[in-house]
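Take a look at the structure set out below.
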Amino acid sequence: MEELIIQINDDFNLNKISNSGQCFRWGECSHDTYRIIAGADCLYITVLDNECYKLECTEDKYNSFWREYFDLQENYQVIRKRIDQEKDHFLWEAAEYEKGIRILRQDPWETLITFIISQNRNIPGIRKSVELLAETCGEKRLDSRGLEYYTFPSPATVQSLSEKELSDCRLGYRCKYVHAAAQAVTAGDFDLNRLLYTDHTDAVAALTALSGVGVKVANCVSLFGLHHTDAFPIDVWMKRILAEHYPDGYPYERYTPYNGIYQQYMFAYYRHKEKRYI
DNA sequence: AGGCAGGCTTTTA
DNA sequence: TAAAAGCCTGCC
């Protein structure tokens, strides 16, 4: 088995990332090991001492895929230190508590489908549907420990599914949204990768043109799938946070271009305080 | 025109 | 039974 030890001298907490609600195919194997499925790849990662981690992959695979996936070229300590403890105590406290969250660089297509599925559902339900979709039409592979996993299916593969096959993934009324998105991407009517190079406002405008993609889901895709770190998803929890802690308006300008990263700290922290882990 | 009520699949707690 | 990282349609 290929193994690699890396040291990460920055905020990086697997448990925080896993619980942050941006990824739905992370599995906790033990208190210190996670199995991560992303796109067509699977990785076991184990926490060691002194900011060191053991990755069950080759150095080439780390350099070509996982390093970028974890967004390791970005310095989150620097981003976190921009918060003024006096001016914005709630955000400061949230960031201190949720230190270790990073915005993963997930695949745009996988992120789009995942967040269409996410609407009006809790996290266990989202995980289940994503897994069923992968099992239905993803590719079966073996991970580094010889266990099976399913890759996330391509747009063409999802587009080829029947109504019943999608329905059996427990997608409910979202079936037609998932199918339409797969259709648009497969036909070339919708160029997701182009949106990697626009700003988040343009990306949100393009994404909301898709049926079943509203402003909230579009901002999630922009943030988690296109890595537009200024995207700021507002769901029911963020509405509560804004009403409770920013009754006179939220200072977006102060935090550009990292509004989305700060949003993640607040979202996770607030849910933690409300004891809503799922 | 733009805001709002009601409906939607299914799971989870 | 209500709520869940919502969105669409139809009505006013």
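Just so it is clear: chains get the letters A, B, ... in the order the sequence lines come, proteins before strands, and each one is counted from 1.
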Query raised in the report: With a 4.0 Å cut-off, would you call A:Arg105 and A:Asp71 a salt bridge?
Result: yes
Query - Spacing of the P atoms in C:dC7 and B:dA1 (rounded, Å) - result: 22 Å
Report task. Describe the nucleic acid contact of A:Thr114 in one word from base, sugar-phosphate, nothing, applying a heavy-atom distance below 4.0 Å. Result -> nothing
**Report entry** Residues touching DNA chain B, which here means a heavy atom under 4.0 Å, drawn from residues 164-179 of chain A
**Finding:** A:Arg170, A:Gly172, A:Tyr173, A:Arg174
Query raised in the report: Does A:Lys239 pair with A:Asp235 as a salt bridge, N-O distance under 4.0 Å?
Result: no
Requested in this report: Describe, in one word, how the ring planes of A:Tyr69 and A:Trp66 are oriented to each other, choosing from parallel (under 30°), tilted (30 to 60°) and perpendicular (over 60°).
Outcome: perpendicular
Query - Charged N-O contact under 4.0 Å between A:Glu59 and A:Lys61 - result: no
Query raised in the report: Using atom C1' of each nucleotide, how far apart are B:dG3 and C:dA5 to the nearest Å?
Result: 23 Å
Report task. Return one dot-bracket line describing DNA chain C 5' to 3' (Watson-Crick or G-U wobble pairs, both distances under 3.5 Å; ( ) same strand, [ ] crossing, | another strand, . none). Result -> ||||.|||||||
Report task. Could you tell me whether A:Arg240 contacts a base, only the sugar-phosphate backbone, or nothing, with contacts defined as non-hydrogen atoms closer than 4.0 Å? Result -> sugar-phosphate
Query raised in the report: Going by ring centres under 5.5 Å and near-parallel planes (under 30°), is A:Trp237 stacked on C:dA5?
Result: no
Query raised in the report: Are A:Arg145 and A:Glu56 within salt-bridge range, i.e. N to O under 4.0 Å?
Result: yes
Report task. Specify the residues of residues 200-227 of chain A, ordered by number, for which at least one heavy atom lies under 4.0 angstrom from an atom of DNA chain C. Result -> A:Leu210, A:Ser211, A:Gly212, A:Val213, A:Gly214, A:Val215, A:Lys216, A:Val217, A:Phe224
Query raised in the report: Rounding to the closest angstrom, what is the interatomic distance between B:dT11 and C:dC8 at atom P?
Result: 23 Å
Report summary line: From the candidates C:dA5, B:dT11, B:dT9, the one with an atom nearest any side-chain atom of A:Gln263 is C:dA5
